[in-house]
Amino acid sequence: MAHLIDNQVFLAFSTYATIVIVKMMMMAPLTAYYRLTRKAFANEEDARVHGKTPEDKKKMLRVDSDVERVRRCHQNDLENIIPFVLIGLLYSLTGPDLSTALFHFRVFVGSRFCHTVAYVCSLPQPSRGLPWLVGVVVTLSMAYSVICSTW
């Protein structure tokens with residue numbers, strides 16, 4: 001364990017993985033914010049708390065396109081950040097060059113932030129697709145490196 005704490009690649013990975021995990025976690029409060037400001041709830045008990053009359057409560061049980069956009073962005077984070085964290089951990093344990101590892105980590109983090117801004121702000125394609133693709137390519141590059149280092 002002490003060896004890992006002295007490993008600069010692992011420390012860099014820990015930092016960048018924490019950044020994207022916290023970013024992913026912040027999508028839940030963002031979804032809640034959109035639900036509250038759009039008065040669009042998925043569950044009756046939530047609508048009951050915020051609606052005054054039975055009609056208000058029924059109106060609040062609806063699907064809102066902005067809320068769904070944020071939810072899909074959060075889902076995309078789950079589909080991409082979890083593999084990055086798992087593969088990145090394995091990658092950092094293979095002893096890659098620090099500058100190469102930092103390049104992978106920084107590009108991935110940047111791509112996820114760009115993807116989120118493009119998704120939540122409804123920017124036209126390919127402003128969302130390119131950052132997604134960059135993040136996938138970075139993760140696959142690290143996976144390839146892990147596989148090659150074990151053979």
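Within the structure, every pair that satisfies the side-chain hydrogen bond (donor to acceptor under 3.5 Å, both in side chains) test and touches residues 22-38, not counting sequence neighbours, is listed here: K23-D77, K23-T116, R38-D66. The salt bridge (charged side-chain N to carboxylate O under 4.0 Å, His left out) pairs that include a residue from residues 141-151 number zero, where partners must be two or more places apart or lie in different chains. Judged as a salt bridge (charged side-chain N to carboxylate O under 4.0 Å, His left out), not a single pair has a partner in residues 140-151 (not counting sequence neighbours). Here ring pair (Phe, Tyr, Trp, His ring centres under 6.0 Å) pairs that include residues 120-151, with residues two or more places apart or in two chains, number zero. Listed by first and then second residue, the salt bridge (charged side-chain N to carboxylate O under 4.0 Å, His left out) pairs that reach into residues 82-96 come to none, sequence neighbours excluded. Sequence neighbours left out, not one pair with a member in residues 86-101 passes salt bridge (charged side-chain N to carboxylate O under 4.0 Å, His left out).
Between Y16 and R106, the side chains place a donor N or O and an acceptor N or O closer than 3.5 Å (distance only, hydrogens not considered).
When atom types are taken as modelled, the side chain of S145 and the backbone of S141 share no donor-acceptor pair closer than 3.5 angstrom. Not one N or O on the side chain of N76 forms a donor-acceptor pair closer than 3.5 Å with the backbone of R72. Looking at N43, its side chain never comes within 3.5 Å of a backbone N or O of D46 through a donor-acceptor pair.
For L140, the side chain to side chain contact (heavy atoms under 4.5 Å, CB included) criterion is met by V136, not counting sequence neighbours. Every residue two or more places apart in sequence or in another chain that forms a side chain to side chain contact (heavy atoms under 4.5 Å, CB included) with I21 is listed here: M25, I81, V85. Under the rule for a side chain to side chain contact (heavy atoms under 4.5 Å, CB included), the partners of C121 that lie at least two apart in sequence or sit in another chain are V117, L123. Partners of L78 according to the side chain to side chain contact (heavy atoms under 4.5 Å, CB included) rule, which considers only residues two or more places apart in sequence or in another chain, are M24, H74, Q75, I82. Not a single side chain to side chain donor-acceptor pair (under 3.5 Å) links E44 to another residue, sequence neighbours left out.
Under a hydrophobic clustering in which Ile, Leu, Val, Met, Phe, Trp and Tyr are joined whenever their side-chain heavy atoms come within less than 4.5 Å, directly or via other members, V109 and F10 fall into the same cluster.
The aromatic rings of F13 and F84 are tilted relative to each other, their planes meeting at an angle between 30° and 60°.
For F108 against T139, the heavy-atom pair with the smallest separation is CE1-OG1, 3.6 Å.
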Which donor-acceptor pairs under 3.5 Å do side chains of residues 88-96 form with protein atoms, sequence neighbours excluded?
{"residue": "Y91", "atom": "OH", "partner": "H104", "partner atom": "ND1", "Å": "3.4"}
{"residue": "S92", "atom": "OG", "partner": "G88", "partner atom": "O", "Å": "3.3"}
{"residue": "S92", "atom": "OG", "partner": "L89", "partner atom": "O", "Å": "2.8"}
{"residue": "T94", "atom": "OG1", "partner": "Y91", "partner atom": "O", "Å": "2.6"}

Please test V138 against F103 for side chain to side chain contact (heavy atoms under 4.5 Å, CB included), starting from the C-alpha separation and ending with a verdict. CA-CA 9 Å; V138 165; F103 178 77; 5.9 Å; no
